[in-house]
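This report refers to the structure that appears directly beneath it.
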2 protein chains.
Amino acid sequence: MSDNSTPTGPLDAQSATPLYIQLAEIIAKQIASGSLAPDRPIPSENRLAEEYGVARLTARRATQELRDRGLVVTVRGKGSYVTPANGG
Amino acid sequence: MSDNSTPTGPLDAQSATPLYIQLAEIIAKQIASGSLAPDRPIPSENRLAEEYGVARLTARRATQELRDRGLVVTVRGKGSYVTPANGG
DNA sequence: TCAGATTTGTTCGTATGTATT
DNA sequence: CAATACATACGAACAAATCTG
């Protein structure tokens, strides 16, 4: 289908940039702007999936991307937290 | 019938119908038949998981499906109970 | 009040299968 | 075929509520 429904959120399925990268960028900006403060949890994978209309695994990849960039630390069974600016 | 979309017995992992739907159907039938009476608790998530050889989360999804159908009410820390016929 | 067991609630970790591009 | 994306499913850990002793 060349037709594509209008994106319900800020994510653009037409973009050459993968959805999980787009989502990671959005969260990264929120961290940079202070909207998501150090030591505070970011939304859960399920929450992000619901919010942005993607699968949980896609939300998960976004979180992993943020980990690769050192922006968050993840704790199994708890969640992902914004990396403290002072490093601990 | 070659159709197996609504199995009445054991769970069929090969079926196109998800396991949690299959399990929900089984319990729903037990409620309809009176095998599980109103106001009585249904088996716990762990119990269902053991009984039917599925993961706890899969048993949990079945229970949530029953909640969506209004067949049971769930109380945290206690269990899920068959919805009373009088609608309570 | 406290400790322990049971049960539901939540979250991350991982794997498989299918569909689309 | 490869990368991306989604649905389902199992596993592990943590959390909160309930009940018993």
Side-chain angles (χ1 to χ4, degrees), chain A residues 1-5 7-27 36 39-83, chain B residues 4-7 10-27 36 39-83:
Chain A
M1 301 281 278
S2 52
D3 172 78
N4 177 341
S5 321
T8 54
L11 300 185
D12 178 13
Q14 322 310 288
S15 173
T17 305
L19 290 177
Y20 72 92
I21 296 291
Q22 291 181 48
L23 182 48
E25 294 288 352
I26 290 173
I27 302 172
L36 287 172
D39 278 322
R40 299 300 303 171
I42 69 174
S44 72
E45 294 172 358
N46 278 324
R47 182 72 176 138
L48 289 174
E50 274 190 38
E51 283 287 315
Y52 293 92
V54 297
R56 186 202 150 197
L57 272 181
T58 302
R60 175 170 173 70
R61 286 187 186 179
T63 304
Q64 289 176 322
E65 183 68 22
L66 295 172
R67 254 178 44 189
D68 289 345
R69 301 186 190 180
L71 294 178
V72 304
V73 285
T74 302
V75 183
R76 183 178 186 172
K78 294 193 66 176
S80 290
Y81 302 81
V82 178
T83 304
Chain B
N4 65 344
S5 58
T6 53
L11 302 185
D12 177 12
Q14 312 312 307
S15 171
T17 305
L19 291 177
Y20 73 93
I21 296 292
Q22 292 182 47
L23 182 49
E25 294 287 354
I26 290 173
I27 303 171
L36 286 172
D39 278 322
R40 298 301 303 171
I42 69 174
S44 73
E45 293 171 0
N46 279 325
R47 183 73 177 137
L48 288 174
E50 274 189 38
E51 283 288 317
Y52 293 92
V54 297
R56 186 202 148 198
L57 272 180
T58 302
R60 177 171 172 70
R61 282 192 186 182
T63 304
Q64 289 176 321
E65 183 69 21
L66 295 172
R67 256 179 37 193
D68 289 345
R69 301 186 189 181
L71 294 179
V72 304
V73 286
T74 303
V75 182
R76 184 176 186 174
K78 293 190 68 177
S80 290
Y81 301 82
V82 178
T83 305

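Below, read A as the first sequence line, B as the second, and so on, with proteins coming before strands; counting in each chain starts at 1.
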* Which residues, if any, of residues 68-79 of chain A bring a heavy atom under 4.0 Å of DNA chain D? ->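 Under 4.0 Å from DNA chain D: Arg76(A), Gly77(A), Lys78(A).
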* Derivation of the side-chain contact (heavy atoms from CB on, under 4.5 Å) call for Tyr81(B) and Asp39(B) -> CA-CA 6 Å; Tyr81(B) 301 82; Asp39(B) 278 322; 5.7 Å; no
* Ignoring the backbone of Arg56(A), work out which of dA7(D), dG13(C), dT4(D) is nearest its side chain. =>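 Selected nucleotide (nearest to the side chain): dG13(C).
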* Can you sort out which residues in residues 41-49 of chain A have a heavy atom within less than 4.0 Å of DNA chain C? Ascending by number, please. =>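 Ser44(A), Glu45(A) - these, ordered by number, are the residues of the stretch whose heavy atoms sit under 4.0 Å from the strand.
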* To do: With a 4.0 Å heavy-atom cut-off, tell me which residues in residues 57-66 of chain B come close to DNA chain C, sorted by residue number.
  =>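 Per residue number, the list reads Leu57(B), Arg60(B).
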* With side-chain contact (heavy atoms from CB on, under 4.5 Å) as the test, would you mind laying out the steps for Glu25(A) and Ile21(A) before giving the verdict? => CA-CA 6 Å; Glu25(A) 294 288 352; Ile21(A) 296 291; 4.3 Å; yes
* CG of Leu11(B) to CD of Glu51(B): how many Å apart, nearest 0.5 Å? ->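 Here the rounded value is 11.0 Å.
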* Asked: So how far is it from Leu19(A) CG to Asp12(A) CG, rounded to the nearest 0.5 Å?
  ->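 Interatomic distance, Leu19(A) CG to Asp12(A) CG, rounded to 0.5 Å: 8.5 Å.
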* Asked: Pick the nucleotide of DNA chain D nearest each of Thr17(A) and Val54(B); which residue has the one closer to the 5' end?
  ->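 Result of the comparison: Thr17(A).
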Would you find a donor on one side and an acceptor on the other, under 3.5 Å apart, between the side chain of [X] and the backbone of [Y]?
{"X": "Glu45(A)", "Y": "Leu57(A)", "result": "no"}
{"X": "Ser80(B)", "Y": "Thr74(B)", "result": "no"}
{"X": "Thr83(B)", "Y": "Gly70(B)", "result": "yes"}

* So which heavy atom on Thr58(A) is nearest to which on Tyr20(A), and how close? ->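 Residues Thr58(A) and Tyr20(A), closest heavy atoms: O-CB, 3.6 Å.
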* State, to 0.1 Å, how close Gln22(B) and Ser15(B) come at their nearest heavy-atom pair, and which atoms those are. =>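 Closest approach of Gln22(B) to Ser15(B): NE2-CB, 3.6 Å.
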* Asked: Is the shortest side-chain N to carboxylate O distance from Arg69(A) to Glu65(A) below 4.0 Å?
  ->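 A salt bridge links Arg69(A) with Glu65(A).
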* Testing Ile42(A), Leu48(A), Asn46(A) for side-chain contact (heavy atoms from CB on, under 4.5 Å) with Ser44(A), which one passes? ->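 Between Ser44(A) and the candidates, side-chain contact (heavy atoms from CB on, under 4.5 Å) is satisfied uniquely by Asn46(A).
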* To do: Check whether any side-chain nitrogen or oxygen of Arg67(A) sits under 4.0 Å from OP1 or OP2 of dG13(C), and answer yes or no.
  =>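 So the side chain of Arg67(A) is within the cut-off, an N or O lying under 4.0 Å from OP1 or OP2 of dG13(C).
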* So, is Tyr20(A) near the phosphate of dT4(D), with a side-chain N or O under 4.0 Å from OP1 or OP2? ->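 Checking Tyr20(A) against dT4(D): at least one side-chain N or O falls below 4.0 Å of OP1 or OP2.
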* **Spacing of Leu19(B) atom CG relative to dT16(C) atom P, expressed in whole Å** =>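 Distance, rounded to whole Å: 16 Å.
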